[in-house]
Amino acid sequence: MLEGCMESFEFNENYNLPSETVISQSEGSVSVSLFVSSECNFFDGHFPEFKILPAVGQFGIVSHLALKYFGFPENVSKIKRMKFSMPILPDSKLKIDLDFNKEKKEVSFLISDADDSEIAYSSGKFS
């Protein structure tokens, strides 16, 4: 694991994100909570009248966490599946679940509401 690496700090600082809080962690999985404030740079220019966290921002956060917790390469070679179910609005508290299959060298993720697990924002799998 690469917890606390400089890249993690720079990512959070560059996009105006707070550090995530680990909810649970094992060798091949991690669940974190993360508050995405309206000040997050990912919201800049993305629908000024109705800001949402763009897909590229969601994937950026997920791939950053895969690097931080599993040492997964930053350069993702293949997105196998990605589904966006609901928009993520500014000032949302998220729960992000990541599972790493070491044998297949792939990561699956689920982004949901931290307070209501019935609300799923996005999910996917990449290698």
Side-chain angles (χ1 to χ4, degrees):
M1 289 193 311
L2 302 172
E3 283 185 84
C5 67
M6 181 54 91
E7 294 88 1
S8 298
F9 176 75
E10 289 173 358
F11 180 88
N12 289 358
E13 185 178 74
N14 288 341
Y15 294 102
N16 201 15
L17 287 167
S19 295
E20 71 281 353
T21 301
V22 175
I23 298 168
S24 65
Q25 184 175 7
S26 67
E27 184 179 334
S29 67
V30 66
S31 292
V32 302
S33 65
L34 178 69
F35 180 75
V36 184
S37 82
S38 59
E39 303 302 313
C40 175
N41 297 341
F42 282 128
F43 291 113
D44 290 349
H46 204 72
F47 307 125
E49 282 79 41
F50 185 72
K51 293 186 177 220
I52 63 171
L53 186 62
V56 69
Q58 292 178 52
F59 192 73
I61 292 168
V62 168
S63 61
H64 162 71
L65 294 172
L67 168 67
K68 182 175 180 179
Y69 291 99
F70 308 129
F72 196 83
E74 279 186 280
N75 297 327
V76 172
S77 63
K78 185 176 186 181
I79 296 175
K80 296 183 175 189
R81 177 179 50 81
M82 191 164 269
K83 179 179 181 181
F84 299 95
S85 305
M86 289 185 66
I88 298 174
L89 303 176
D91 298 324
S92 293
K93 186 175 178 188
L94 308 176
K95 180 180 180 215
I96 304 172
D97 297 307
L98 295 169
D99 291 301
F100 178 51
N101 185 322
K102 204 174 204 175
E103 292 173 7
K104 293 183 178 182
K105 297 179 183 172
E106 67 184 17
V107 174
S108 59
F109 70 91
L110 171 65
I111 301 177
S112 58
D113 186 280
D115 297 321
D116 185 352
S117 61
E118 297 292 317
I119 299 173
Y121 295 113
S122 62
S123 60
K125 187 180 288 191
F126 58 92
S127 57

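Everything numeric here is computed off the predicted structure, so don't read it as measured data. Computed over heavy atoms, backbone and side chain alike; hydrogens, waters and symmetry mates excluded.
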Would you say Phe109 ends up clustered with Val76 if hydrophobic residues are merged whenever their side chains have heavy atoms under 4.5 Å apart, either directly or through other cluster members?
yes
Only pairs at least two apart or in different chains count here, so list each salt bridge (Lys or Arg N to Asp or Glu O under 4.0 Å) that has a residue in residues 29-39.
none
From Ser112 OG over to Ile119 CD1, what is the distance, rounded to the nearest 0.5 angstrom?
9.0 Å
Side chain to side chain, Ser123 and Arg81, heavy atoms closer than 4.5 Å
yes
Out of curiosity, Ser77 OG to Phe126 CZ, how far, rounded to the nearest 0.5 Å?
10.0 Å
Residue pairs passing the salt bridge (Lys or Arg N to Asp or Glu O under 4.0 Å) test with at least one member in residues 43-64, sequence neighbours excluded, are none
Could you report the tightest heavy-atom contact between Val107 and Phe72, atom names first, then the distance?
CG2-CD1, 3.7 Å
By side-chain hydrogen bond (donor to acceptor under 3.5 Å, both in side chains), which residues pair with Ser122, not counting sequence neighbours?
Gln58
One pair to check against side-chain contact (heavy atoms from CB on, under 4.5 Å): Leu65 and Val30. What are the steps and the verdict?
CA-CA 9 Å; Leu65 294 172; Val30 66; 5.8 Å; no
Following the transitive rule for hydrophobic clusters with a side-chain heavy-atom cut-off under 4.5 Å over Ile, Leu, Val, Met, Phe, Trp and Tyr, establish whether Ile23 and Tyr121 coincide in one cluster.
no
Hey, what do you get for SG (Cys40) to CD1 (Ile61), rounding to the nearest 0.5 Å?
6.0 Å
Could you grab the distance from atom NZ of Lys105 to atom OG of Ser127, nearest 0.5 Å is fine?
10.5 Å
Can you give the donor-acceptor pairs under 3.5 Å from side chains of residues 92-101 to other protein atoms, not counting sequence neighbours?
residue, atom, partner, partner atom, Å
Ser92, OG, Leu89, O, 2.6
Asp97, OD1, Ser31, OG, 2.4
Asn101, OD1, Glu103, N, 3.1
Asn101, OD1, Lys104, N, 3.0

Closest heavy-atom pair, Met82 versus Phe59, reported as atoms and distance to 0.1 Å, is CE-CD1, 3.0 Å
Within residues 19-44 or reaching into it, pairs that qualify as ring-ring contact (aromatic ring centres under 6.0 Å, His included) - sequence neighbours excluded
Tyr15-Phe42
So which atom in Pro18 and which in Leu34 form the shortest heavy-atom distance, rounded to 0.1 Å?
O-CD1, 3.2 Å
Flag yes if Phe84 and Ile52 sit in one hydrophobic cluster, no otherwise; membership is Ile, Leu, Val, Met, Phe, Trp, Tyr, and two members link when side-chain heavy atoms are under 4.5 Å apart.
no
Listing request: all salt bridge (Lys or Arg N to Asp or Glu O under 4.0 Å) pairs with a residue in residues 116-127, at least two apart in sequence or in separate chains.
Glu106-Lys125
What do the steps show when you test Asn12 against His64 for side-chain contact (heavy atoms from CB on, under 4.5 Å), and what is the final call?
CA-CA 9 Å; Asn12 289 358; His64 162 71; 3.8 Å; yes
I'd like to check Gln25 versus Val32 (side-chain heavy atoms, cut-off strictly below 4.5 Å). Are they in contact?
no
Please tell me whether Ile111 and Tyr69 are part of a single hydrophobic cluster in this structure, the criterion being side-chain heavy atoms less than 4.5 Å apart.
yes
